[in-house]
**Q** 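Have a look at the structure that comes next, please.
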Amino acid sequence: MNQTTKTDFQWRRKHLLGLRDLSRKEIEFILDTARGFEEFSTRSIKKAPALRGKVVVNMFFEDSTRTRNSFTLAASRLSADVIEFTKTSSSVNKGETLIDTARNLEAMGVDIVVIRHNAGGAPHLLSRSIKACVINAGDGFHEHPTQALLDAYTIRQIKGSLEGLKIGIVGDIAHSRVARSNIHALTKLGAEVILVGPPTLMPAQVQNLPVQVSYSLDAVIDKLDVINMLRIQFERLGGNLFPSVREYSHFYGLTVERLKKAKPDILVMHPGPLNRGLEIESEVADGPNSVILRQVSNGLAIRMAVLFLVNQAAVLEAKDSHP
Ligand code: NCD
C-alpha cells in the first residue's frame, strides 16, 4: 500500500470511535485507502502483510453478522491473528467488567480492539483505559462509523461524488447509530440529507442536525438520488411508537409501487439485517436499483483500510515516544 505517499496527509488517529470529529479530509483519506484494498478481493491470493504479527480482538457484546465477519476477514487478509470474543461464552457472564475484560485481553498482547456494545460511549471508555487501538463497530444508538464509511464509499463508487446529492435516510432514525454516523459522513462530503420517518422515530434535537426532515416518504421520494432504508430497531423501542407494523409499512415501506415515483437511477441502500416486507419489499431489495450486497463487499475494503490506518498511527506514536 502506498496510499500515504500520494499525499502529504498523515493519518494520526489510533482509534476510530465515530465520524463526528473527523474532518472531510480524514473521511476522504479512509475512502481513498479503501480503494487501494478493493482490488484484493479479486486476487487469487487475498493476503497482504500489513498486520503480520499483530493481534486483533473482535469484542462483540451484541449480535452481528456482516460487521463481525467483515472485520474478521479484513484482519485476516491483512495477516493479523484474530481472537473472537463473544459475551455469551465469556466471563462477562460471571460479572467481569468491560475494562477488566479488555485489560486481560491486552495482557495477551492484543494490538487492536474492535468493539460492538449496547452502551453508547463504551468504545470511548475503552480507548481511555487501554493502550491498544480501539475501533467502534457500533455503540448503542450512538455511532457506527465503518457502516457509514462503507455507505459513503458505495455512493461515491457509483455516483462519482457525493457533492450536491440528495440522500434520504428512512425509518427509525431515533434508535439508529447507522443514521447518526451517516449524517456526519454524508454532510461532510457535501450531500444533502433528508431524514424521513414518523415524528416518534425522529431523534430529540433533530433541529440541531445539519439535515432536513420529512414525515412523508411520498412527498420527497422523487427528489432523492439515494435512499437508505433502516430497520426498525424493535429491540430498542421503548413503547408503541407507531400504531402498527402494517401501517408503518404502508407509509414508509419501500415498495415497487413507491419506487416508480423515484428517479430511475436512484440507489437503494440498506445496512442490513433486512426485514423483508416491512421496511423494504423483496422485489426492491433484490431489484436493479439495489446496491445492498455491494455495500457488504465494500465493507471489507473499508474495514481493511481502518485496521491498516489505526495500526499505522499506533506505530508512528510508538516511534515518536521512543525515537
Ligand atoms: C446495523 C447495526 O447493527 O447497527 N447493522 C449493521 O451493522 N449492518 C443496523 C441494524 O441493526 O439495523
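Everything numeric here is computed off the predicted structure, so don't read it as measured data. One-based numbering, in listed order, for ligands and for the atoms of each.
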**Q** Can you confirm whether Lys166 is buried at NZ, in the sense that more than 12 heavy atoms of other residues, nucleotides or ligands lie under 6.0 Å from that atom?
**A**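 Open.
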**Q** Under a 4.0 Å heavy-atom cut-off, what residues line ligand 1?
**A**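 Ligand 1 is contacted, at a heavy-atom distance under 4.0 Å, by Arg66, Thr67, Arg116, His144, Gln147, Arg177, Val178, Arg231, Gln233, Pro271, Gly272, Pro273.
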**Q** Which value, rounded to the nearest 0.5 Å, describes the distance between Arg258 atom CZ and Ile227 atom CD1?
**A**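 These two atoms lie 9.0 Å from each other.
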**Q** Does the side chain of Glu143 come under 3.5 Å of the side chain of Ser181 through a donor N or O and an acceptor N or O?
**A**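 Glu143 vs Ser181: donor-acceptor pair found between side chains.
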**Q** Consider only side-chain N and O atoms of Gln157 and Arg294, and report whether a donor and an acceptor are under 3.5 Å apart.
**A**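 Arg294 and Gln157 do have a side-chain donor-acceptor pair below 3.5 Å.
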**Q** Say whether Ile292 and Leu150 are linked into one hydrophobic cluster, either directly or through other cluster members, by side-chain heavy-atom distances under 4.5 angstrom.
**A**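 Linked within one cluster.
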**Q** Under the side-chain hydrogen bond (donor to acceptor under 3.5 Å, both in side chains) rule, collect the residues that match up with Tyr153, sequence neighbours excluded.
**A**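 Partners of Tyr153 under the side-chain hydrogen bond (donor to acceptor under 3.5 Å, both in side chains) test: Glu38.
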